[in-house]
2 protein chains.
Amino acid sequence: MNSENLDLVFSALSDATRRGILANLAKGERTVHEITAAFDISQPAISRHLRVLDHAGLVRREKRGRETYVMASAETAAHAADWLAHYVNFWTAHFERMDQILFSNEE
Amino acid sequence: MNSENLDLVFSALSDATRRGILANLAKGERTVHEITAAFDISQPAISRHLRVLDHAGLVRREKRGRETYVMASAETAAHAADWLAHYVNFWTAHFERMDQILFSNEE
DNA sequence: CGAATCCATAACCATGTTGTTATGAATTCA
DNA sequence: TGAATTCATAACAACATGGTTATGGATTCG
């Protein structure tokens with residue numbers, strides 16, 4: 001996952017409505033109509049949130065008839081989670097080393 | 001970690017410069033001056049990026065004399081990583097269930 | 001076919017973000 | 001003390017974001 005993708009993914013995740021949409025998709029695919037009904041904003045606003053999530057690779061959209069089904073796409077989120085976990089591990093390891101250095105009894 | 005915190009954390013992570021700063025801090029604390037030298041933008045721009053990271057809880061700043069030392073704060077990032085991992089697991093588990101349903105031989 | 005439904009896009013407005021330069025407070029150095 | 005260094009903040013410009021309403025294409029229903 002390159003830097004531009006991380007921009008898109010984290011930016012997409014930085015909005016509570018979009019995280020709410022992703023939470024809605026945890027139980028399975030939903031139509032745009034169903035998603036719109038679950039929030040207090042207009043359908044065009046939902047459509048744009050979905051475009052942002054789609055562009056970030058966090059959801060896929062499939063048009064079937066006049067309905068568009070939206071489903072979570074776990075892989076991209078997994079990459080972002082890996083990126084974050086990598087740094088968390090790095091920092092934690094560093095602090096543990098610092099703890100060893102600062103508080104070691106074996107000096 | 002509440003929704004507002006997640007807004008701040010993911011928003012902070014959505015900028016390549018800020019992720020670069022965090023990468024710089026993986027090896028230990030840095031002064032604002034050192035961080036500024038590592039990027040091609042002005043010192044005030046760096047200061048504001050640091051404020052965003054600080055506000056999100058991703059770094060801490062300590063003033064010592066006339067220098068401000070910046071260090072990564074792993075805990076907040078860990079919470080965000082957990083949040084993400086939770087959904088990744090949820091989606092993946094769902095898809096695995098779907099796979100079982102769709103491709104099971106035990107019907 | 002005509003009406004209704006589903007959804008995307010355009011146009012617009014208010015607000016937020018990210019860069020810049022200018023400036024000044026606090027600290028250190030000579 | 002005077003000069004230099006470090007850093008934060010203010011003010012501004014350019015652009016991005018997120019909401020709205022209006023609209024129209026595609027599909028389905030009667």
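Here is the naming used below: chain letters follow the sequence lines, and residue numbers restart at 1 for every chain.
Atom CD1 of A/I46 and atom C1' of C/dC7 are 12 Å apart (whole Å). As a whole-Å value, the separation of B/R51 CZ from C/dG16 C1' is 13 Å. In this structure, the NE2 atom of B/H33 is 14 Å from the C1' atom of C/dT28, given to the nearest Å. One interatomic measurement links the two molecules: CD of A/E34 to P of C/dT5, which rounds to 16 Å at whole-angstrom precision. One interatomic measurement links the two molecules: CD of A/Q43 to P of C/dA10, which rounds to 14 Å at whole-angstrom precision. B/K63 has its NZ atom 13 Å from the P atom of C/dA25, to the nearest Å.
If you find the closest nucleotide of DNA chain D to B/T36 and to A/I41, the one lying nearer the 5' end belongs to B/T36. Residue whose closest nucleotide on DNA chain D sits further toward the 5' end, between A/S14 and A/G65: A/S14.
Counting any heavy atom pair closer than 4.0 Å across all strands shown, B/E67 reaches sugar-phosphate atoms only and no base atom. Backbone-only contact: A/T31 has heavy atoms under 4.0 Å from sugar-phosphate atoms and none from a base. Here B/S47 lies in heavy-atom contact (under 4.0 Å) with a base. Across all strands, A/S42 comes closer than 4.0 Å to base atoms (heavy-atom distances). Across all strands shown, B/R64 has no heavy atoms under 4.0 Å from either base or sugar-phosphate atoms.
Distances shown here put a side-chain N or O of B/H49 below 4.0 Å from the OP1 or OP2 atom of C/dG19. B/R48 has no side-chain polar atom (N or O) that falls below the 4.0 Å cut-off from OP1 or OP2 of C/dT20.
Checking B/L58, B/T68, B/V32 one by one against B/L50, the side chain to side chain contact (heavy atoms under 4.5 Å, CB included) holds for a single residue, B/V32. Each of A/R61, A/H49, A/R60 was compared with A/D54 under the side-chain hydrogen bond (donor to acceptor under 3.5 Å, both in side chains) criterion, and only A/R61 meets it.
Of the inter-residue distances, the one linking B/L25 atom CG with A/Y87 atom OH reads 10.0 Å to the nearest 0.5 angstrom. Once rounded to the nearest 0.5 Å, the distance linking CG of A/L13 with CG of B/D7 reads 10.5 Å.
Direction change of the helix axis from one end of the helix from C/dC1-D/dG30 to C/dA30-D/dT1 to the other is 20°, with five pairs defining each end axis (rounded to 10°).
In this structure, the side chain of A/R18 engages the main chain of A/A12 through a donor-acceptor pair within 3.5 Å. Looking only at distances, no side-chain donor or acceptor of B/S11 sits under 3.5 Å from a matching main-chain atom of B/L8.
Reading DNA chain D from its 5' end, the first and the last nucleotide to sit under 4.0 Å from a heavy atom of chain B are D/dA4 to D/dT9.
By the 6.0 Å contact criterion, CD on A/E34 is enclosed, its count of non-hydrogen atoms from other residues, nucleotides or ligands being greater than 12. Remark: B/N2 CG is packed, more than 12 non-hydrogen atoms of other residues, nucleotides or ligands lying under 6.0 Å away.
By the ring-ring contact (aromatic ring centres under 6.0 Å, His included) test, B/H86 is found to be paired with B/F90, residues two or more places apart in sequence or in another chain being considered.
Counting heavy atoms from C-beta on, the side chains of A/N24 and A/F39 come closer than 4.5 Å.
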